[in-house]
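Each remark here refers to the structure printed beneath this line.
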Amino acid sequence: MSDGPPIAADAPRYNFREAEPKWQRAWEERGCFHVADLPSGQPPKYYVLEMFPYPSGKIHMGHVRNYTLGDVVARYKRMRGFEVLHPMGWDAFGLPAENAAREREIHPAQWTWENITTMRAELQRMGLSLDWSREFATCDPDYYGHQQKLFLDMLAAGLAERRESWVNWDPVDGTVLANEQVIDGRGWRSGALVEKKQLAQWFLRITAYAPELLAALDQLDRWPERVRIMQAKWIGRSEGARLRFALTRPEAAIREVEVYTTRPDTLFGMSFLALAPEHPLALAVAAHDAGAASFVDECRRMGTSEAVIEAAEKKGYDTGLRVAHPFTAEKSFPVWIANFVLMEYGAGAIFGCPGSDQRDLDFARKYGLPVIPVVLPPSADPNTYEVGDEAYDGPGTMINSGFLNGLDSERAKEAAIAELERLGAGSREVNWRLRDWGVSRQRYWGCPIPVIHCPTCGIVSVPEADLPVQLPEDVDFRPPGNPLDHHPTWKHVSCPRCGGAAQRETDTFDTFVDSSWYFARFCSPHSVVPVGRRAADFWLPVDQYIGGIEHAILHLLYARFFTRAMKATGHLSIEEPFAGLFTQGMVTHESYRTAAGHWLYPEEVEKLADGKAIRRDTGEEVAIGRVEAMSKSKRNTVDPEAIISRYGADTARWFILSDNPPERDMEWTEAGVAGAFRFTQRLFRLAENIAASPKAERPPQFSKTAHALRQSTHRTIEAVTVALESFAFNVAVARIHELANALGEAERSEPDPGLAWARREAIEAVTRLIAPMMPHLAEEINTRLNPASGMLVAEMPWPEADPDLVAADTVTIAIQVMGKLRGTITAAPGADPNSVISAAMAEPNVARALAGKRIVKQIHVPGRIVNFVVAR
RNA sequence: GCCCCGCUAGCCUAAUAUGGUAGAGGUGCCGCGCUUAGAACGCGGAGGUUCCGAGUUCGAGUCUCGGGCGGGGUACCA
């Protein structure tokens, strides 16, 4: 990438290469962004936090977007007089470091710390208003040691427990695989068919808080609606019944099967019972039935991913067992093992009602099982109604349902549950989709779980004095499996309780644990306890949290739970960590592909005037592919470092803010960046032209032109303020463009003293309005306008709009007849409705449309519209 | 599969949480000016079944229902 053209010293151009480092140093020297753990002053606090990055190597455009958005908020709130906490750190444990270790024989710690060094420098070049004195990485023993303490407290409080659960097992590598490491049912490295395997693992009891986590969503009024909906569905409260089906003959001492259903009303529509492949009864059958065993094996090879299991073709195996129906003892139904029944949800078994559930219907059609309609849709004819290809799961009237016949489905649910309870066959139950959080990982690069397994005493907590349990540094990644497990000495310890030979837990925590409390640690990052209580009480909750929508469920739900668990164990006073949440969209780019099918990076491609694209080196024409999320595999990435060195941080920031609403995906385009760059130069020139003439006295009267400019200035202040408050940064940018256009027009107008004053007022306002978005340019313009002041824009207050200049002089009102626009009139704001309506009727075009018609209704929305409804 | 979201000039998008004249701003295109602020600059202009189909309403880009396309999540990627 070229360094760009030399910039002549005397050219009135903004030299960002010189200015950006200069202002970054100035902010640092003045400590503009440092705050105390416990500030002593009066200002209200504001905690801005962006999701901290995983140190993958270099920052990418998604980071630039995320941290730009957060920085705008932080700088704006600072100018509004808040004491702003804006920290940064590193989500430093995780799988990629271990992959790098295996692939390139570099230690995960070295790889991680080198990445952090690189990425910290990149972030610093963006000019972010961060308090770097609070920086930490989750792989610091200091951080994870405190995390171990939090876990031990939760264990003591009964919020952690150990139980069996399933993992993806690669039998060749002898390793547990992440879902993303399973490709088409095979291990990504070995290619071996993956199996589910049961392991003893640690769980955090998030389900204990399910009702609270659901109920509190209503109070999160500064969270996006869609995130709250997604979380509510994920927690998934349902009301239904748990009921037991008796087997017609026992199987391995199992006499009945429990089922959970949300549709007890449809029990008469049952045609089969289906078990999850991991269900004890399924396993009991498989023990002596080769067909069942092979089907269960096949299901195990699908791995643990819900997306894979649910998207797979519905398949089953008839065990030959039958169950009696609780309402009609004479009838019995076949028991199948089905690949779409999840062991983790409900009772791990369902009754199939093909008429009322699409999956059950698909299954019944495939295996020739009966389909009995039991719910008649409201508009259907009871004499002819049949279930075709689509199951009906809506409300309706019960048919073919014995004692439930004629009831609507809601009342039938109640009646069915009452009957189940009378028969002793089942009972009402509230069920949750949410499962407990499995936190054990069989990996090296994570926080060690601080327990010891003693053959005599069982599970023993590591004594607090021995924390942190540190990762050993001398590890060997060549053998398959967990390096902690095959380390020669690390796991061998004596039991803290009985002193006998014992072994450390070799599992480490899920990295979501690390990110579930970092926001609290930032309040007092050097505290000797996990969270300095007074600092946390002062700063928390986070006022504005910003990050990707991909974290809408897991990370945010885990952090909400962890905060409650930390309160329960005496570490925090709050329940909800994030009072405000903003979720940003992705950064996308065109992709380019040669005829031979090779992806090319944008910098390898030249776009021609006719819209086509060629390879720079060979001139070969390349196909322009879809605009999609930047990814290394498609090579449609743009390196932020290259953009910043070529155009400067302010240009990158401005472009990111200018085009799209931040919650939506944005397309990175060369033309867009170039436009942002031109605007930085344009603003700089406008400012230089004003700085060149001495400050004018404020005149008692303003010319019409000057007054109009002043109105633009104050309306822009007003509009930008509203836009920033509502995250409409693209609108804020547009308003500033407008004011720049007005300044350009003023530059060309007949000069007068009042206009000179108004121009300076306008550019001073622009300087502050752009300061959150283009902080370096704002400082540079400010020193030129006020060379002697010594003030930094970073320390200035936000401008205030004069309401008299904001108010509109006149409004244009649209006049419709029967909803069709027929003309417009102008009126004073708040004009008398009668005079507006008579003026509307007098408008010539309107008068023509009304001629000879009788007005039956007139609608007047003051300041906007008049609509006449006439008789036909 | 299931849950959630998005779709407006060639392209990105605005249109007060609450329905009221479809266009603020950028980019691209066309034209004019200037001839050096050069990766030019300044000014002007054209450009539309608001994804499709129904419904509610005096009035729908906005609300409801159905469909299409695209995206996020799906519990061990972060």
Side-chain angles (χ1 to χ4, degrees), chain A residues 4-5 8 11-13 51 53-54 56 91 94-96 167-168 176-182 224-227 229-230 233-234 236 304-312 314 340 344 358-359 362 434-435 437-438 440-443 510-512 515 548-555 557-558 583 585-586 588 611 626-629 646 655 658-661 663-667 669 671-672 674-679 681-682 685 719 722 726 728 730-731 733-738 741 744 748 812-821 823-824 856-859 861 864-870:
Chain A
R13 300 198 73 195
M51 291 179 185
Y54 179 77
S56 55
D91 188 12
L95 216 38
V167 294
N168 297 310
V176 176
L177 298 177
N179 281 332
E180 71 157 14
Q181 295 175 321
V182 180
E225 181 79 18
R226 68 176 190 277
V227 175
I229 292 172
M230 280 189 272
K233 301 257 177 180
W234 183 263
T304 60
S305 152
E306 190 204 304
V308 170
I309 293 168
E310 291 266 5
K314 310 284 172 278
F340 62 90
E344 293 88 357
Q358 192 60 42
R359 288 182 308 183
D362 295 343
L434 184 67
R435 307 199 299 257
W437 176 14
S440 295
R441 298 292 181 270
Q442 295 68 41
R443 310 197 197 292
D510 176 7
T511 56
F512 275 128
S515 54
I549 184 67
E550 67 274 18
H551 293 294
I553 297 175
L554 292 180
H555 161 60
L557 193 59
Y558 290 146
T583 53
M586 291 180 308
T588 66
R626 287 198 334 190
V627 172
E628 56 189 315
R646 192 170 169 197
F655 172 55
S658 66
D659 262 30
N660 298 57
E663 67 275 16
R664 233 187 271 182
D665 289 352
M666 75 165 289
E667 186 188 348
T669 61
F677 180 78
R678 280 200 298 274
F679 187 68
Q681 297 300 339
R682 182 159 186 238
R685 287 195 299 269
V722 169
S726 56
N730 55 326
V731 176
V733 165
R735 294 288 170 263
I736 292 169
H737 272 287
E738 249 178 318
N741 290 343
R748 296 189 303 277
T812 305
I813 296 170
I815 315 301
Q816 299 180 340
V817 178
M818 295 299 278
K820 278 211 170 91
L821 183 69
T824 59
V856 293
K857 196 171 177 183
Q858 52 196 28
I859 291 116
V861 181
R864 287 197 180 274
I865 202 164
V866 174
N867 185 15
F868 297 106
V869 184
V870 296

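Per chain, numbering begins at 1; letters A, B, ... match sequence-line order.
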Any side-chain N or O of [X] under 4.0 Å from OP1/OP2 of [N]?
X: A:Thr824; N: B:rU21; value: no
X: A:Asn179; N: B:rU74; value: no
X: A:Arg748; N: B:rC43; value: yes

Starting from the 5' end of RNA chain B, give me the residue, A:Arg359 or A:Asn660, whose nearest nucleotide shows up first. A:Arg359
Could you measure between the two C1' atoms, the one in B:rA60 and the one in B:rA22, and give it in whole Å? 12 Å
Pairing donors with acceptors under 3.5 angstrom, does anything connect the side chains of A:Asn168 and A:Asn179? yes
Nearest-Å distance for atom pair NE2/C1', residues A:His737 and B:rG25: 6 Å
Is it the case that the base of B:rA39 and the side chain of A:Arg646 share a donor-acceptor contact (distance under 3.5 Å, atom types as modelled)? yes
So for A:Glu306 and B:rG1, does any side-chain atom that can act as donor or acceptor lie under 3.5 Å from a complementary atom in the base? yes
Find out whether A:Tyr54 and A:Thr511 are in side-chain contact, i.e. whether some heavy atom of one side chain is under 4.5 Å from a heavy atom of the other. no
If I take atom OG1 from residue A:Thr583 and atom NE2 from residue A:His551, how far apart are they, to the nearest 0.5 angstrom? 11.0 Å
For B:rG44, what is the paired nucleotide under Watson-Crick or G-U wobble rules, both distances under 3.5 Å? B:rC30
Check every strand shown and say whether A:Gln358 touches a base, only sugar-phosphate, or nothing at a heavy-atom separation below 4.0 Å. nothing
